[in-house]
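Bear in mind the structure is a predicted one, so any value in this text is a computation, not a measurement.
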Amino acid sequence: MLALTRKKGQSIIIGDGIEITVVDIQGDQVRLGIKAPKNIAVHRKEIFIEIQEENRRAANVKANVLNDFFKNNR
């Protein structure tokens with residue numbers, strides 16, 4: 001992991017198209033602004049994990065439905 005120190009208003013650049021700017025600092029909270037191409041999803045980590053879990057559940061349901069379909073239509 002790369003750890004950087006930035007002040008309010010300063011940015012970091014990731015790759016060719018992602019810019020992360022420190023927008024505000026209040027106590028132990030830091031507000032970040034993120035500019036990224038539209039084809040790149042940007043989520044808080046906890047939301048990203050929920051999306052992955054929901055996708056796994058949906059894929060599992062689809063597999064079970066398909067298995068049941070093929071068992072019943074032989």
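Partners of Lys8 according to the salt bridge (charged side-chain N to carboxylate O under 4.0 Å, His left out) rule, which considers only residues two or more places apart in sequence or in another chain, are Asp24. Every residue meeting the side chain to side chain donor-acceptor pair (under 3.5 Å) condition with Glu54, not counting sequence neighbours, appears here in chain and number order: Arg57. In this view, Leu4 and Leu2, Ile12 satisfy the side-chain contact (heavy atoms from CB on, under 4.5 Å) rule, not counting sequence neighbours. For Ser11, the side chain to side chain donor-acceptor pair (under 3.5 Å) partners two or more places apart in sequence, or in a different chain, are Glu19, Thr21. By the salt bridge (charged side-chain N to carboxylate O under 4.0 Å, His left out) test, Glu46 pairs with Arg44, sequence neighbours left out.
Connection of Phe48 to Ile34 is not established within any shared hydrophobic cluster, with ILVMFWY side chains joined at heavy-atom distances below 4.5 Å, either directly or through further cluster members.
At least one side-chain heavy atom of Ile18 sits under 4.5 Å from a side-chain heavy atom of Pro37.
Checked against Val22 for a side chain to side chain contact (heavy atoms under 4.5 Å, CB included), the options Lys7, Gln10, Arg31, Arg6 give a single hit: Arg6.
Taking CG of Leu32 as the reference point, atom CD1 of Ile25 lies at 9.0 Å (rounded to 0.5 Å).
Side-chain heavy-atom separations under 4.5 angstrom define the hydrophobic clusters, and the remaining members of the one that includes Ile47 are Ile51. When hydrophobic side chains of Ile, Leu, Val, Met, Phe, Trp and Tyr are connected at separations under 4.5 Å, Val23 ends up as a singleton with no cluster partners.
Other residues, nucleotides and ligands place more than 12 heavy atoms under 6.0 Å from the CD atom of Gln52.
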